[in-house]
Structure formats: C-alpha cells, structure tokens
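The structure under discussion appears below in the form of structure tokens.
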Amino acid sequence: MEGDTSINLAFEIISFIFTRLPVKSLLRFQSVSKSWNAILVEQKFKKAHRDQSKALGREKLMIQRINGHFELRDLENRHSQLCLMEEQLFPLKRFQCGEILCSCDGLVLLKANNSDKEYVLWNPSTREYRILDSCPYLNNHEDGCPKACGLCYDSNLDDYKVILIYSLFYVVYSSSKSCWTKKTSFPCPIRIFNNRCSQGISTGDSVFWSLNWCLINQYVDSRTSTIIYFDVKSDVLKKLSLPEFIGVNGFFSLNTLKGRLSLYGGTYHDKELDIWIMEQDEWKWLINVCKLHDICIKFVQDKKLLWCSENGEIIFHGQWNQQLIIYYPKRKQFVTVADMSKDSMYAMALTCLDSSYFPGLNVKEEVTVPRLRDGARI
C-alpha cells in the first residue's frame, strides 16, 4: 500500500512539473518512457497544461511569411529580442499560403488559399490539425468570404467554437459536435460590406468586433462605432457599451492583452496613446505610450498591438511597412526589430499560447505527428 502511495505521489509531482514546461520539451519527453508518455498524452493533462500556460502568460509570437512559412519567436527571454525558436510549413499544400484568421488558447484558425469554404483548426506548438466539416449554409456563391471571424472556448461545454459572420447571417461551428449552426439575429440592424475578413478579438469565452457604419473591424471611433461580441453561452451576438474614456474625437483599437479585452488609442491628433484592459467587467488603465511617430489615429490604424511584458515593453506590428517595433517605456523609445526589417516580408503576426492541448478528434480527421531523426516528436 505504501509503495502504491509513493508511486502515485511521484506521478503527481512529475505531472505538476510537466504542466510548467514548454510544449517542445513535453514532445521530446514522450519518448523517454512509457509512464511519462502515458501522462503527457492524456487529455486531462493537456488541459491542465493549457490552463497553466494561460496562468503563466506563456505565449509565443507567430509570424506568417508571404512564402507560406510560419515562424515561432520567443517572447519570454527579454534579452533575445524575439529570437527564432522554430520555423515550419503547414503540411497540407492548400493551406500553406492560406490566411490566419484568429487564435485562441494556442489554437489557430486558417482559411485555405483561394477558397472561402475550407478551414482548419491548428495547434502550431504540437503541429496537430483538424479540417473543419464543410458548412452546409455556404452553398450560395454570393456568400463569398466571411466579413468577420472569431474563435472562442465554451468552458461549460468544453467546446471550441468558430464564428463566421456574413452580410445577412452568421454561422457557429462546434468542435465537440463537428457541426455548424446558422444564426440570423444581429444585435442591431446592419448590412456589412467589408472587402476582407476582420479578425475577432478573443478573450477565451467571448469574441469582440467593432462596427463602424457598414464596416466591421477592430477600430473604435467615438462618432460611429458600436462594439459587438459573441456570447459563447447563448451563441448570440450582443452589444457592449462604449467605455466612458472614449471621449469626443477618440479613436481606439480593440485587442487582447494578458488574456483580457483591451483598447488602445486616444484623441485623433495627439502624439500619445493609452492602453486599457478589461478586469472583472471594469476598464483599468494600464500604460501610456508617448512620442508616437505619427498622430494617434494614423498610428492606431497602422500599428497592431501584439503583446506587453511584465516590465511594460510593448510589441506593435506595423501593417503597412510589415515591421515589428518594440516600445520601451523607461526610455520612451520605439525600436524596430532589426532582423525582421531586413528579411523577406511577412503577411501576419499574432501571439499564440504555448499549449499542448488540442480538441478531441474524429477518426476521419487528419492529424500530423512530425518526428525528429531520433524518433522523438517535435
């Protein structure tokens, strides 16, 4: 009896340690022993690892090059300045130059290249992927590309949901049920005319967008905007009141920071901006960014906020010049990441949780299990 207790205690300690390790180490450890592998492949452990990574804020920067290659760069090492951790090419050719639509809890939603009806859910850390079932509500050619998209987690049902918004309806995909649902009820009378798909801002259990006249995007203008969000518990789009700090001539952008909804921006023509985050249903001021290269409205329209360290360093993605810049608050200085500006252009940049979890798969769905030369998974 004492031997069994010791063994169980040892496994509990090992499992506890494993939840605090990066995914790359866990994949290598699967080949160490059968007992370790048994721990690491359990869905219960993978969920615990995902939750611990969220608590620790363990994220990576994911960059999509225009040649289809994906890079994962280090955000935890302050002195590495986004050093390259690994580079990979998605295994299915039709998704290699596809479009990254959104991410949540380490999962990334990709749209196939030259197709508006093929989507795949992918964990770039484990390289597992799942092709979504075809949506039966997109048979009409006029539906075309979705105007907006989102990905979020329903903790009550243990279900990841994909949301695609079109001009007159939206559809919701359940990863646990492998099925689509069509919805036609919008929180306000709208007809959306975007030319490209707008990324939803995921905070885990909700996805947020901003409506500006007939466009849906991430920008919040004090004169024209309405914030809408997908309520994962009811599968319904709802309205969110604009915060009071968005005064006259205020221009902000929605984003997620530290796992929470955030807004960054200020008055149109100022050369500074403020960052706010949502905590327990209240907006909390986080930091001021000054000495902008341009007036606030132009800076916010071009620079996407990606990440903020514990020390206040902030990473922005310049969508016009395709560069990454870091703001150092103590020096009040912007620095362009050198190797990024010299390399080939990149199409997309976002943060991605370092998580070993992937939703349960059906037998007909494709999964990749890449291996190193020594047989260990990478």
Side-chain angles (χ1 to χ4, degrees), residues 50-59 75 102-105 148 150-156 161 163 186-188 198-212 216-268 270 272-290 292 296-297 299-300 303-316 327 329 350-351 353:
R50 173 199 63 192
D51 296 341
Q52 187 61 37
S53 291
K54 290 171 70 174
L56 295 173
R58 187 188 292 130
E59 293 181 307
L75 286 171
C102 48
S103 69
C104 176
D105 292 350
L151 175 64
C152 61
Y153 179 61
D154 187 338
S155 57
N156 291 332
K161 297 179 178 180
I163 306 97
F186 285 91
C188 47
S198 175
Q199 298 176 21
I201 306 303
S202 174
T203 60
D205 59 354
S206 300
V207 186
F208 297 82
W209 302 268
S210 177
L211 284 173
N212 293 280
I216 185 168
N217 51 38
Q218 300 166 359
Y219 304 121
V220 181
D221 191 318
S222 60
R223 301 171 301 179
T224 62
S225 295
T226 301
I227 298 176
I228 63 172
Y229 69 98
F230 177 78
D231 182 0
V232 72
K233 294 179 175 61
S234 62
D235 283 2
V236 171
L237 290 174
K238 298 181 179 180
K239 289 175 63 175
L240 179 70
S241 300
L242 291 182
E244 294 181 358
F245 60 79
I246 302 182
V248 179
N249 297 326
F251 191 86
F252 286 73
S253 182
L254 288 167
N255 215 313
T256 181
L257 207 60
K258 302 179 184 294
R260 305 180 184 95
L261 180 66
S262 69
L263 278 165
Y264 65 101
T267 305
Y268 289 174
D270 284 352
E272 64 179 6
L273 62 82
D274 292 301
I275 300 176
W276 299 73
I277 60 173
M278 177 78 78
E279 285 190 351
Q280 299 179 344
D281 298 326
E282 292 184 355
W283 288 102
K284 177 183 177 182
W285 180 84
L286 185 65
I287 195 171
N288 174 264
V289 178
C290 59
L292 302 181
C296 181
I297 186 171
F299 185 93
V300 171
K303 304 294 191 295
K304 178 182 177 182
L305 174 64
L306 290 178
W307 186 74
C308 180
S309 73
E310 293 297 326
N311 296 312
E313 289 94 349
I314 304 167
I315 300 177
F316 291 94
Y327 177 76
L350 76 163
T351 55
L353 189 73

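On a predicted model such as this, the values are computed, not experimentally measured, just so you know.
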Close side-chain approach of Tyr264 and Leu286, heavy atoms under 4.5 Å: no

Where Val207 and Gly200 come nearest, the two heavy atoms and their spacing: CG1-CA, 3.5 Å

Residue pairs, two or more places apart or on separate chains, that pass salt bridge (Lys or Arg N to Asp or Glu O under 4.0 Å) and touch residues 234-255: Lys161-Asp235, Asp231-Lys238

Criterion side-chain contact (heavy atoms from CB on, under 4.5 Å) on Leu151 and Cys102, from CA distance to verdict: CA-CA 7 Å; Leu151 175 64; Cys102 48; 3.8 Å; yes

From Arg50 atom CZ to Leu353 atom CG, the distance as rounded to the nearest 0.5 Å: 9.0 Å

Minimum-distance pair of heavy atoms, taken over all atoms of Ile163 and Cys152: CD1-SG, 3.9 Å

Nearest atoms (heavy-atom pairs only) where Cys296 meets Phe251: SG-O, 4.2 Å

Between CZ on residue Phe252 and CD1 on residue Ile227, distance to nearest 0.5 Å: 10.5 Å

Candidate list Ile275, Asp274, Leu273, test side-chain contact (heavy atoms from CB on, under 4.5 Å), partner Ile287, passing option: Ile275

Pairwise side-chain contact, Phe186 with Leu211, heavy-atom cut-off 4.5 Å (strictly under): no

Gap separating the OG atom of Ser210 from the CD1 atom of Ile201, nearest 0.5 angstrom: 10.0 Å

Side-chain touch Ile277/Leu261, heavy atoms, less than 4.5 angstrom: no

Value rounded to 0.5 Å, distance of SG in Cys290 from CG in Asp270: 12.0 Å

Test item: Gln280 and Arg260 side chains (from C-beta on) under 4.5 Å apart, heavy atoms: no

Geometric class of the Phe245/Trp276 ring pair [parallel <30°, tilted 30-60°, perpendicular >60°]: parallel

Note, Thr256 side chain near Phe208 side chain (heavy atom, < 4.5 Å): no

Heavy-atom closest contact (Tyr153 atom, Cys104 atom, distance): N-SG, 4.2 Å

Nearest-0.5 Å distance that lies between atom OG1 in Thr203 and atom CG in Leu257: 12.5 Å

Shortest non-hydrogen contact from Ser309 toward Lys258: O-NZ, 3.9 Å

Heavy-atom side-chain contact between Tyr327 and Leu292 under 4.5 Å: no

Derivation and outcome, side-chain contact (heavy atoms from CB on, under 4.5 Å), residues Thr351 and Ile315: CA-CA 10 Å; Thr351 55; Ile315 300 177; over 6 Å; no

Nearest heavy atoms of Leu350 and Ser103, plus distance in Å: CD1-OG, 3.3 Å

Euclidean distance, Phe230 CZ relative to Ser202 OG, rounded to 0.5 Å: 11.0 Å

